[in-house]
Engineer: 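My structure is below; once you've seen it, I'll send some questions.
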Amino acid sequence: LNLSRLRGIFFLKARLSKLLDMINPHCIHSQGFRSDLLVSLFFSNYKFISTIHNNPFADYSYKLGNISGSMIAHLHKYCVKKNPNSFIAVSRSILEIYASKKIKINYIQNGVDDEYFTSIKPSDKNLLKLKLGIPLDRHIFISSGRLEKSKNLITTIEGFNKYNQSNSILLIVGDGSERQSLENFKREYIHFLGFTDSIVEYYQLADFFISSSVTEGFPMAVLESMAV
């Protein structure tokens with residue numbers, strides 16, 4: 001729709017309404033608070049499905065502070081309560097969170113493509129290390145995902161700095177707003193790799209996967225790493 005968040009306040013509803021009239025979709029799939037709110041308030045005459053990825057009562061407060069986060073969480077809860085059959089959680093734990101609020105929704109658990117995320121033989125792992133420039137005689141730890149505050153990478157980095165015995169390497173795959181500040185804490189055995197299209201290769205060469213997120217719905221990175 002080519003709108004900034006500020007311009008979206010004034011023009012999003014009209015522009016989206018025009019687009020929907022033109023497309024006349026059989027179903028709308030929304031994800032995230034803003035799109036869920038928009039569809040629930042203005043376009044609920046269409047059939048729609050929303051995927052709930054997070055625990056709003058923890059996630060929004062952590063990101064936005066207690067007051068703003070609580071307001072957003074209750075608005076999101078209102079959207080779900082208004083159309084509970086349209087909302088699908090990515091895990092049973094999220095379903096149970098809404099059940100505790102007396103809102104009955106369904107869930108379809110996240111999954112991964114186990115034909116793509118596959119394990120490899122130790123000999124192939126060494127070849128992969130050589131290809132990616134990783135020393136053969138090191139234990140490889142990996143953390144992947146968005147480098148944002150809620151992912152709590154500082155705990156991973158501080159823990160690794162404290163306990164690493166110089167025979168291990170930590171690979172941090174991904175990018176985000178916290179990257180620059182996190183790099184201030186790195187040592188020679190911690191490598192920030194940025195975004196990659198070949199994440200499966202890093203999972204395959206790793207010996208350990210680390211997740212220190214404060215809050216998650218059902219993390220894809222953990223599932224992907226477990227698959228290999």
Side-chain angles (χ1 to χ4, degrees), residues 31-32 51-55 58-59 62-63 88-94 107-228:
Q31 300 191 59
T51 304
I52 306 177
H53 292 274
N54 68 340
N55 171 4
D59 199 39
Y62 188 81
K63 290 179 180 178
I88 308 294
V90 298
S91 67
R92 184 174 182 84
S93 62
I94 295 179
Y107 80 100
I108 300 174
Q109 191 164 285
N110 275 343
V112 296
D113 182 352
D114 59 7
E115 293 184 359
Y116 179 71
F117 292 96
T118 59
S119 59
I120 57 177
K121 297 182 295 186
S123 58
D124 291 334
K125 180 181 287 192
N126 286 336
L127 290 174
L128 191 54
K129 286 182 178 180
L130 290 172
K131 172 188 171 182
L132 298 173
I134 305 296
L136 296 178
D137 60 345
R138 296 289 190 272
H139 297 302
I140 308 301
F141 291 73
I142 187 171
S143 182
S144 67
R146 294 177 295 108
L147 305 190
E148 303 295 343
K149 185 178 179 182
S150 63
K151 299 301 181 181
N152 192 30
L153 263 296
I154 188 62
T155 294
T156 295
I157 293 171
E158 288 179 342
F160 202 79
N161 285 336
K162 184 175 182 180
Y163 293 107
N164 182 33
Q165 301 297 315
S166 77
N167 63 341
S168 300
I169 292 175
L170 172 61
L171 305 178
I172 297 176
V173 184
D175 219 331
S177 63
E178 293 281 298
R179 177 171 178 174
Q180 186 172 356
S181 61
L182 289 170
E183 287 190 347
N184 293 328
F185 297 91
K186 76 175 184 178
R187 303 290 186 269
E188 67 276 3
Y189 42 75
I190 297 178
H191 303 276
F192 285 79
L193 304 180
F195 176 79
T196 178
D197 288 320
S198 56
I199 184 61
V200 65
E201 292 184 327
Y202 289 98
Y203 289 146
Q204 288 171 334
L205 65 80
D207 300 298
F208 304 95
F209 180 86
I210 304 175
S211 174
S212 52
S213 295
V214 174
T215 175
E216 289 279 5
F218 199 161
M220 292 299 299
V222 173
L223 293 179
E224 291 167 356
S225 66
M226 290 175 66
V228 301

Engineer: Rounded to the nearest 0.5 Å, what separation is found between the CD atom of Glu201 and the CG atom of Leu128?
Structural biologist: 5.0 Å
Engineer: With the side chain counted from C-beta on, respond yes when Ser177 and Glu148 share a heavy-atom pair under 4.5 Å apart, and no when they do not.
Structural biologist: yes
Engineer: Taking atom OH of Tyr116 as the centre, report whether more than 12 heavy atoms of other residues, nucleotides or ligands fall under 6.0 Å from it.
Structural biologist: yes
Engineer: Looking only at non-hydrogen atoms, find the nearest pair between Gln204 and Thr118 and report the distance.
Structural biologist: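 Smallest interatomic distance, heavy atoms only, reads NE2-O, 2.9 Å.
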Engineer: Once the angle between the rings of Tyr189 and Phe160 is folded into 0 to 90°, is it parallel (under 30°), tilted (30 to 60°) or perpendicular (over 60°)?
Structural biologist: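 Rings of Tyr189 and Phe160: tilted, 30 to 60°.
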Engineer: For the residue pair Ile120 and Leu127, establish whether any side-chain heavy-atom pair is separated by less than 4.5 Å.
Structural biologist: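 No, side chains not in contact.
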Engineer: Measure the shortest side-chain to side-chain distance between Ile154 and Asn152 over non-hydrogen atoms and say whether it is less than 4.5 angstrom.
Structural biologist: yes
Engineer: Drop me the distance from Asn110's CG to Glu224's CD, to the nearest 0.5 angstrom.
Structural biologist: 9.5 Å
Engineer: If you define the side chain from C-beta out and look only at heavy atoms, does anything of Leu171 sit under 4.5 Å from Leu205?
Structural biologist: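 Counting from C-beta outward, Leu171 and Leu205 do come under 4.5 Å.
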Engineer: Any idea which heavy atoms bring Asp59 and Ser150 closest together, and the distance?
Structural biologist: OD1-CB, 4.4 Å
Engineer: At what distance, to the nearest 0.5 angstrom, does CD1 of Ile169 lie from CD1 of Ile140?
Structural biologist: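 Taking CD1 in Ile169 and CD1 in Ile140, the distance rounds to 4.5 Å.
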Engineer: Are there more than 12 heavy atoms of other residues, nucleotides or ligands under 6.0 Å from atom CZ of Arg92?
Structural biologist: no
Engineer: Do the non-hydrogen side-chain atoms of Leu223 and Phe117 ever get within less than 4.5 Å of each other?
Structural biologist: no
Engineer: Would you indicate whether Ile108, at its atom CD1, is surrounded by more than 12 heavy atoms from other residues, nucleotides or ligands within a distance under 6.0 Å?
Structural biologist: no
Engineer: Once rounded to the nearest 0.5 Å, what's the spacing between atom OG of Ser168 and atom CZ of Phe141?
Structural biologist: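 Those atoms lie 4.5 Å apart.
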Engineer: Applying side chain to side chain contact (heavy atoms under 4.5 Å, CB included) to Asn161 and Ile190, what does each step give before you reach the verdict?
Structural biologist: CA-CA 9 Å; Asn161 285 336; Ile190 297 178; 3.3 Å; yes
Engineer: Flag the pair Lys125 / Asp207 as yes when at least one side-chain heavy-atom distance between them is below 4.5 Å, and no otherwise.
Structural biologist: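 Yes; the side chains approach each other to less than 4.5 Å.
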Engineer: Just so I know, are the side chains of Lys151 and Glu216 near enough to count as touching, which here means a heavy-atom distance under 4.5 Å?
Structural biologist: yes
Engineer: Give a yes or no answer on whether the side chain of Arg187 reaches the backbone of Phe185 with a donor-acceptor pair at less than 3.5 Å.
Structural biologist: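 Yes, the answer is positive, given that a donor and an acceptor are paired below the 3.5 Å cut-off.
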Engineer: If you count the non-hydrogen atoms of other residues, nucleotides and ligands that lie under 6.0 Å from CD in Gln180, is the total more than 12?
Structural biologist: no
Engineer: Can you name the closest pair of heavy atoms from Gly194 and Val173 and give their distance?
Structural biologist: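 Minimum heavy-atom separation between Gly194 and Val173: O-CG1, 3.6 Å.
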Engineer: Please check if the number of heavy atoms outside Lys129 that lie under 6.0 Å from its NZ is greater than 12.
Structural biologist: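 It does: Lys129 NZ has more than 12 such atoms within range.
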Engineer: Do Glu158 and Lys162 sit within salt-bridge range, that is, some charged N less than 4.0 Å from a carboxylate O?
Structural biologist: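 Looking at Glu158 and Lys162, the cut-off is not met.
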Engineer: For residues Ile142 and Ser225, determine if any side-chain heavy atom of one lies less than 4.5 Å from a side-chain heavy atom of the other.
Structural biologist: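 Result no, sub-4.5 Å side-chain heavy-atom pair not found.
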Engineer: Within this structure, what is the NE2-CG distance for the pair His139 and Asn164, rounded to the nearest 0.5 Å?
Structural biologist: 10.0 Å
Engineer: How close do Val228 and Ser119 get, heavy atom to heavy atom, and via which atoms?
Structural biologist: O-CB, 3.3 Å
Engineer: Which heavy atom of Phe209 sits nearest to which heavy atom of Ser144, and what is that distance?
Structural biologist: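 Shortest heavy-atom separation between Phe209 and Ser144 comes out as CE1-OG, 3.6 Å.
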Engineer: Looking at Phe192 and Ile157, what are the two nearest heavy atoms and their distance?
Structural biologist: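 Result for this residue pair: CZ-CD1, 3.8 Å.
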Engineer: If you round to the nearest 0.5 Å, how far is CG of Asn54 from CZ of Phe218?
Structural biologist: 15.0 Å
